[in-house]
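Scope of the values below: all heavy atoms of this structure, side chains included, with no hydrogens, waters or symmetry mates. What you see is a predicted model; the values in this text were computed from it and never measured. Chain letters run A, B, ... following the sequence lines, proteins first and then strands; every chain starts at 1.
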2 protein chains.
Amino acid sequence: MKMRDKILATATSLFESRGIQASGVDTIIAEAGIAKATLYKHFPSKNLLITSYLREKSDRFYEWLNSSLVSKKATSLEILISLCELVEQWIMTPEFHGLPFHIAAVEFPEPDHPINQYSAVLAVELQGYLSKIAATAGAKDPEALGQQLTILFEGAALVERLSPGSGAASRAKNAAITLIRASI
Amino acid sequence: MKMRDKILATATSLFESRGIQASGVDTIIAEAGIAKATLYKHFPSKNLLITSYLREKSDRFYEWLNSSLVSKKATSLEILISLCELVEQWIMTPEFHGLPFHIAAVEFPEPDHPINQYSAVLAVELQGYLSKIAATAGAKDPEALGQQLTILFEGAALVERLSPGSGAASRAKNAAITLIRASI
DNA sequence: TGTAATATTCAGACAGGTCTGTTCACTTAT
DNA sequence: ATAAGTGAACAGACCTGTCTGAATATTACA
């Protein structure tokens, strides 16, 4: 399982710095220092490599969010506030390069392309995650608040990526808190 | 000037339906029914064709917004509300395929690529436009509100594109109005 | 421990296709 | 006669995915 992780790590780094389409298989194997046949043994096609990358990134994100949230003992409203702060923090880490499934969806815009479809699934997952937290926090319309938070976070991720240092993540956090207070 | 417009219109349609990178020069000229030399006479490189497309789209958007806004005689707060409704309306038109400069920035992620740089300029332009309206409307912190609206609109554009029919534009409009009321 | 069997990885060539951009001689307008 | 457009070929580079034979690890058994 070591080789697989090494390939995935190299691919992740290239996908996020140069883009997915711009990172050819030859570049990935050169950067990882492996043979092409090895890559194709672990990932029978580039599409499978891409979806594995997307799945991995989502899993890590939710893992990190969950473990950070449970460590705080707090009222339900405070959990929502903590969530906003964690998302801000996450966007501001130097390793952040935008929401992976967003980038993938833009790079593969055709609706029947497997990458686009998988990206849509991951987007729905995120919204469901946020709506669930809004529900347990007692929001009047959890689905509405969940989607508004999704929009804010995705927008902030985009703006911060395109204009680094513009403070978009912090402004989005403040906007999110305003919306939360208005809907509890 | 007719040929130039025809090329630009064909390129626009292909860029927005299939993506920019996925729309090769050969596809564009085939769709437009012209010779390759003709395209390269009007646009010496594909990059120039792309930037022309981005400029054109931005110009048309601001033209439409401005003319729609001045036709309404209203208080300053009402102008901000109208703005939100217009943006929602614009996102919901069937011709909408996401913010062009966003898509371009994602497709060309390297910071020194001319397309990425031009996209950043257009993103700043949008935020300045919204901040200016927030200022004339008397917002307490026009720059903050302008950026929050930018984040909401860009996020809504993304979500609506990835999950059509999810009502993201409408929810973003409501969120925007909440934020506006909170900052006036 | 020693050795044989098995699995993994290697470097590189290859096929068949795509891409941007250039150039050519020929034809059509104005 | 000046300018613009056509069709087609071409260069040089890139792409994904397949395949080969040799080198290297890993495992199993004695």
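- Side-chain contact between B/His97 and B/Phe15: absent, with no pair of heavy atoms (C-beta onward) separated by less than 4.5 Å.
- C/dT9 atom P lies 14 Å from atom CD1 of A/Ile29, rounded to whole Å.
- Within residues 3-13 of chain A, no residue has any heavy atom closer than 4.0 Å to DNA chain D.
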Under 3.5 Å, N/O pairs linking protein and nucleotides 13-19 of chain D:
{"residue": "D/dT16", "atom": "OP1", "partner": "A/Lys46", "partner atom": "NZ", "Å": "2.9"}
{"residue": "D/dT16", "atom": "OP2", "partner": "A/Val25", "partner atom": "N", "Å": "2.7"}
{"residue": "D/dG17", "atom": "OP2", "partner": "A/Tyr40", "partner atom": "OH", "Å": "3.2"}
{"residue": "D/dG17", "atom": "OP2", "partner": "A/Lys46", "partner atom": "N", "Å": "2.9"}
{"residue": "D/dG17", "atom": "N7", "partner": "A/Lys36", "partner atom": "NZ", "Å": "3.3"}
{"residue": "D/dG17", "atom": "O6", "partner": "A/Lys36", "partner atom": "NZ", "Å": "2.7"}

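- Considering every non-hydrogen atom in both B/Val159 and B/Ala168, the closest pair reads CG1-CB, 3.7 Å.
- A/Arg55 is linked by a side chain to side chain donor-acceptor pair (under 3.5 Å) to A/Asp59, A/Tyr118, A/Glu125, counting only residues two or more places apart in sequence or in another chain.
- Applying the salt bridge (Lys or Arg N to Asp or Glu O under 4.0 Å) test to every pair with at least one member in residues 165-178 of chain B, sequence neighbours left out, gives these pairs: B/Glu88-B/Lys173.
- In this model, the phosphate group of D/dA4 is not approached by any side-chain N or O of B/Thr38 to a distance below 4.0 Å at OP1 or OP2.
- Taking atom CZ of residue B/Phe43 and atom C1' of nucleotide C/dT20, one finds them 16 Å apart after rounding to whole Å.
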Collect all protein-nucleotide pairs involving nucleotides 25-30 of chain C in which both atoms are nitrogen or oxygen and the distance is under 3.5 Å.
none

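- Atom CD of B/Glu143 is surrounded by 12 or fewer heavy atoms from other residues, nucleotides or ligands within 6.0 Å.
- Among A/Phe153, A/Phe61, A/Tyr62, the single residue meeting the ring pair (Phe, Tyr, Trp, His ring centres under 6.0 Å) criterion with A/Tyr129 is A/Tyr62.
- Within the 4.5 Å cutoff, the side chain of A/Ile28 has heavy atoms near those of the A/Leu49 side chain.
- Checked by atom type and distance alone, the side chain of B/Thr38 never pairs as donor or acceptor with a backbone atom of B/Ile34 at under 3.5 Å.
- Counting to the nearest Å, the C1' atom of C/dG21 and the CG atom of B/Leu49 are 13 Å from each other.
- Among residue pairs with one or both ends in residues 11-36 of chain A, those qualifying as salt bridge (Lys or Arg N to Asp or Glu O under 4.0 Å) are A/Glu16-A/Lys57, A/Asp26-A/Lys36; sequence neighbours excluded.
- By the 4.5 Å heavy-atom criterion applied to side chains, B/Leu83 and B/Leu130 are counted as neighbours.
- The side chain of B/His42 contributes an N or O atom lying less than 4.0 Å from OP1 or OP2 of D/dG5.
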